[in-house]
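When a ligand or atom number is given, it counts from 1 through the structure's own listing order.
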Amino acid sequence: MIWNETKECMSRDEMSALQSARLVKTVNRVYHNVEFYRKKMQAVGIEPGDIKGIEDISKLPYTTKDDLRDNYPFGLFAVPQSEIVRIHASSGTTGKATVVGYTRKDIDIWSECVSRALSTAGVGKDDIIQVAYGYGLFTGGLGLHYGAENTGATVVPMSTGNTKKLITMMEDFGATAIACTPSYLLHIAETIKEMGVKDKIKLKAAVCGAEPWTEQMRIQIEEELGINAFDIYGLSEIMGPGVAMDCKFHKGLHVYEDHFLPEIITPDTLEPAAPGEVGELVFTTLTKEGLPLIRYRTKDLTSIDYSTCECGRTLARISRFKGRSDDMLIIRGVNVFPSQIEAALLEMGETSPHYMMIVDRENNLDTLEIQVEVEERFFTDEIRQLEQLSKKIGNAIHQALGISAKIKLVEPKTIERSMGKAKHVIDNRKLV
Ligand code: DLL
């Protein structure tokens with residue numbers, strides 16, 4: 001069932017007309033209310049009247065994360081602080097946090113988008129959902145929380161912290177849905193197995209996002225838990241979770257285009273990418289009041305498909321994310337994304353997707369070690385078996401990446417589990 005057919009199934013012409021009207025309003029609003037945008041537009045000789053519809057989008061300048069940092073904390077807000085009812089922030093590892101602000105209407109639209117996403121995953125009023133994203137400045141916890149309440153579901157605000165308690169409550173409350181990062185759900189699945197309570201769990205759906213994960217990992221989670229797992233995407237700057245959502249056909253994530261106008265650009269030239277080509281995702285918010293953003297460069301790499309989905313939605317679909325352009329490692333001149341390792345490991349079927357890449361430099365040559373967790377039994381069996389498996393993984397990785405790596409097989413639970421966004425890379429080259 002489609003939760004909001006009028007918004008998710010309108011014709012492409014109707015959508016373009018809606019987006020154009022909303023873009024014109026947004027451009028006027030930022031020009032008059034945000035000095036940063038006024039100056040930026042004046043610098044390229046653009047006035048609000050020059051933007052008549054989405055066909056004029058490329059006349060507008062881009063916005064980046066640095067612009068948000070340079071205007072820390074509230075410099076890009078388009079309403080007085082008295083209109084802002086909530087602040088979120090992403091910490092970032094360096095420099096100042098990126099601060100985002102929402103008006104009451106922004107919060108309502110956010111809840112509506114998350115509700116649409118949850119309904120797409122089949123979560124509604126009869127469900128009990130555990131929200132196990134972090135609550136606080138991170139948008140995951142509160143974003144999913146209010147969206148889930150809006151669907152009428154019973155929300156259990158678990159946050160992160162105690163996996164065994166989460167599982168006990170999952171069992172006791174009869175939770176039917178969970179929202180958390182995919183890597184955390186994998187850890188939850190392992191712990192359910194260890195606790196021997198799989199038969200007592202009523203879970204049927206998971207809404208996972210906030211970090212890249214492969215289709216293979218999604219399927220593995222579905223199989224291990226006997227549930228349907230869906231991919232939810234979003235970023236704090238644009239709103240939080242609920243910018244785009246996977247449907248049961250898993251052929252790309254539907255962008256809530258009535259609120260967010262997507263573009264794909266080639267990062268090197270900043271020109272629009274060819275149709276279907278992978279490039280950097282750029283968003284312009286169409287209804288945000290607190291922090292409207294014009295052509296915000298997400299750094300996320302994907303492609304876009306405007307054809308109607310088998311589910312009936314006409315919303316554009318973005319392909320599953322390979323990673324962010326700033327996650328990409330260059331090792332011996334070859335571009336490597338951590339998600340390629342995950343895909344190769346899961347394709348082999350004999351290992352878990354728990355891995356850590358350790359990149360170093362010796363005698364001016366990049367080295368790559370990949371630590372991979374394998375089942376306990378490999379360590380008790382003959383050493384020859386361990387060697388064979390290591391060789392097999394080495395070959396699979398070589399084929400996937402085009403470069404060789406040293407494989408180190410490690411025992412289960414050696415690699416640290418994360419309850420939030422998983423860490424897969426230690427790049428020691430950055431330290432020198
Ligand atoms: O991660 C918002 C969110 C919370 C999304 C819960 C989904 C679920 P940020 O902390 O600002 O916001 O991080 C945003 O995370 O630019 C992507 O690089 C990455 N990301 C988010 N969702 C996905 C996904 C939240 N489904 C950054 N697949 C984004 C791949 C994702 N990467």
Is it true that the NZ or CZ of R12 lies under 6.0 Å from the centre of Y306's six-membered ring and within 45 degrees of the ring axis?
->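 Cation-pi check for R12 and Y306: fails.
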
Please determine if K40 forms a cation-pi arrangement with Y31, meaning its NZ or CZ atom is less than 6.0 Å from the six-membered ring centre and no more than 45° off the ring axis.
->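 Not flagged: K40 not positioned over aromatic ring of Y31.
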
Decide whether an N or O pair under 3.5 Å exists between [X] and ligand 1.
X: Y133; answer: no
X: S90; answer: no
X: R324; answer: yes
X: G140; answer: no

N/O donor-acceptor pair under 3.5 Å between T176 side chain and K204 backbone |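 A pair under 3.5 Å: no.
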
Enumerate the atoms of ligand 1 whose separation from the nearest heavy atom of [X] is less than 4.0 angstrom.
X: T139; answer: 2 (C), 12 (O)
X: L235; answer: 11 (O), 12 (O), 14 (C), 16 (O)
X: D231; answer: 24 (C), 26 (N)

Residues E257, R116: salt bridge by 4.0 Å N-O rule =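 Looking at E257 and R116, the cut-off is not met.
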
Presence of salt bridge, D106 and R86, under 4.0 angstrom |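 A salt bridge is absent here (no side-chain N lies under 4.0 Å from a carboxylate O).
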
Would you mind checking which non-hydrogen protein atom is closest to [atom], with the distance to 0.1 Å?
atom: atom 27 (C) of ligand 1; answer: K421 NZ, 4.0 Å
atom: atom 7 (C) of ligand 1; answer: A210 N, 3.3 Å
atom: atom 25 (C) of ligand 1; answer: G234 O, 3.6 Å
atom: atom 11 (O) of ligand 1; answer: S236 OG, 2.5 Å
atom: atom 28 (N) of ligand 1; answer: E211 O, 3.3 Å
atom: atom 29 (C) of ligand 1; answer: D300 OD2, 3.3 Å

Correct closest heavy-atom pair for S352 and L345 would be O-CD1, 3.9 Å

Strictly under 4.0 Å, does any heavy atom of R320 approach an atom of ligand 1?
->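 Flag not set, R320 not near ligand 1.
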
Which is it for Y233 and ligand 1 at heavy atoms under 4.0 Å: side chain, backbone, both or neither?
->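 It is both backbone and side chain that touch ligand 1.
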
Answer yes if the side chains of T414 and Q371 hold a donor-acceptor pair under 3.5 Å, and no otherwise.
->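 Not at all, the side chains of T414 and Q371 share no donor-acceptor pair under 3.5 Å.
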
May I ask you to check whether T151 and S115 show a side-chain donor-acceptor distance below 3.5 Å?
->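 Per modelled atom types, T151 and S115 side chains form no pair under 3.5 Å.
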
Residues forming a side-chain hydrogen bond (donor to acceptor under 3.5 Å, both in side chains) with R218, sequence neighbours excluded = E215, E222, H250

